[in-house]
Amino acid sequence: DTGVSQDPRHKITKRGQNVTFRCDPISEHNRLYWYRQTLGQGPEFLTYFQNEAQLEKSRLLSDRFSAERPKGSFSTLEIQRTEQGDSAMYLCASSQTKGLLQNTEAFFGQGTRLTVV
Amino acid sequence: AQTVTQSQPEMSVQEAETVTLSCTYDTSESNYYLFWYKQPPSRQMILVIRQEAYKQQNATENRFSVNFQKAAKSFSLKISDSQLGDTAMYFCAFRFRALSGSARQLTFGSGTQLTVLP
């Protein structure tokens, strides 16, 4: 399967614990995005990487959220000291830039559903 | 900042019939893309159709077509000959046609749950 892969698919954690999610993009895609989707809402942009550089992180919800893409391939999203309000689906997407203004469509993974109890 | 509004939280349609999902958006930009994404239950979001704002011709992909009204900032999706597999949440989304280095993230509406009835 050459699509976007996310792991784990489901995570249940106790409030206050740290969690980390992984995303493996489509191999030739240089852009990687993280979104959060709460029940009944559309995905909300969090951050993105071009290769290994995190070029936009102002939309991360708080300083408890951080993301990395150390070698420009897979990415991790970490949430420290989880709160019940962090319960949501966390989606990863990837795309490939083609020239100055062109971009392929974004391909999404199946998401990681986080439940904080 | 741009916003995307989907005013129909739920819709249903009989199999083989046609249904139209509505979307409006607000932006001060002139160069952008609009998309419809489909999210089936417990499955990943997939692109249904894409429209470049600079193109006047409405995009079409098999049974899916759009009615893009740029002046009205309206972007509706028409599904013809509805099939049971079309049952899903449908999201309208906006993205700037921006220069390299810009985020180019998608801004989504809140979605419309479409149910195709047998």
Side-chain angles (χ1 to χ4, degrees), chain A residues 1-7 9-10 23-26 29-51 53-60 67 89-113, chain B residues 1-10 21 23-25 29-55 59 61 75 88-113:
Chain A
D1 187 345
T2 58
V4 178
S5 177
Q6 291 189 246
D7 184 70
R9 294 286 310 280
H10 303 274
C23 171
D24 287 89
I26 293 172
H29 284 187
N30 62 348
R31 285 189 165 230
L32 187 148
Y33 301 81
W34 285 99
Y35 291 83
R36 185 179 82 153
Q37 185 178 19
T38 54
L39 200 61
Q41 297 298 316
E44 172 190 19
F45 170 72
L46 296 178
T47 187
Y48 96 105
F49 294 84
Q50 180 155 317
N51 301 310
Q54 189 176 14
L55 298 184
E56 173 61 66
K57 57 182 180 180
S58 65
R59 304 284 190 88
L60 286 169
M89 177 77 84
Y90 291 85
L91 298 172
C92 176
S94 70
S95 68
Q96 176 68 25
T97 53
K98 297 189 297 182
L100 201 59
L101 290 173
Q102 295 299 312
N103 204 45
T104 65
E105 65 179 87
F107 291 82
F108 283 81
Q110 289 187 285
T112 294
R113 182 168 297 282
Chain B
Q2 64 283 353
T3 59
V4 178
T5 302
Q6 294 178 252
S7 59
Q8 304 154 314
E10 297 180 356
L21 309 183
C23 173
T24 58
Y25 61 95
E29 299 292 327
S30 58
N31 287 321
Y32 51 88
Y33 297 100
L34 294 164
F35 305 85
W36 279 97
Y37 277 88
K38 169 185 177 181
Q39 189 177 39
S42 301
R43 297 186 63 185
Q44 70 255 57
M45 198 160 332
I46 57 174
L47 180 66
V48 174
I49 199 165
R50 155 181 159 155
Q51 174 78 42
E52 289 92 340
Y54 60 89
K55 290 186 177 179
E61 287 288 340
F75 183 61
M89 182 73 87
Y90 286 80
F91 291 99
C92 179
F94 170 103
R95 176 168 70 78
F96 290 119
R97 185 171 183 258
L99 292 173
S100 178
S102 300
R104 304 183 194 173
Q105 73 268 24
L106 294 160
T107 298
F108 288 88
S110 56
T112 296
Q113 175 63 49

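Just the heavy atoms: all of them, side chains too, but no hydrogens, waters or symmetry mates, feed the values below. Sequence lines set the chain letters: A, B, ... in the order given, protein chains first and strands last, and positions in each chain run from 1.
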For this output row, return yes or no: ring centroids of B/Phe94 and B/Tyr32 closer than 6.0 angstrom. yes
Describe, in one word, how the ring planes of A/Tyr35 and A/Phe45 are oriented to each other, choosing from parallel (under 30°), tilted (30 to 60°) and perpendicular (over 60°). perpendicular
Got A/Gln110 and A/Arg9 here, is their nearest side-chain heavy-atom distance under 4.5 Å? yes
Which portion of B/Tyr37 sits near chain A, non-hydrogen atoms under 4.5 angstrom: side chain
Toward chain A, the part of B/Gln39 with a non-hydrogen atom under 4.5 Å: side chain
At a heavy-atom separation under 4.5 Å, does A/Gln37 approach chain B through its side chain, its backbone, both, or neither? side chain
To the nearest 0.5 Å, tell me how far B/Cys23 SG sits from B/Tyr90 OH. 14.5 Å
Cation-pi geometry met for B/Arg50 and B/Tyr33 (6.0 Å, 45°): yes
Best-contacting candidate, B/Leu106, B/Val4, B/Thr107, against chain A by heavy atom pairs under 4.5 angstrom: B/Leu106
Any idea which of A/Gly109, A/Gly111, A/Gly42 has the most non-hydrogen atom pairs under 4.5 angstrom with chain B? A/Gly42
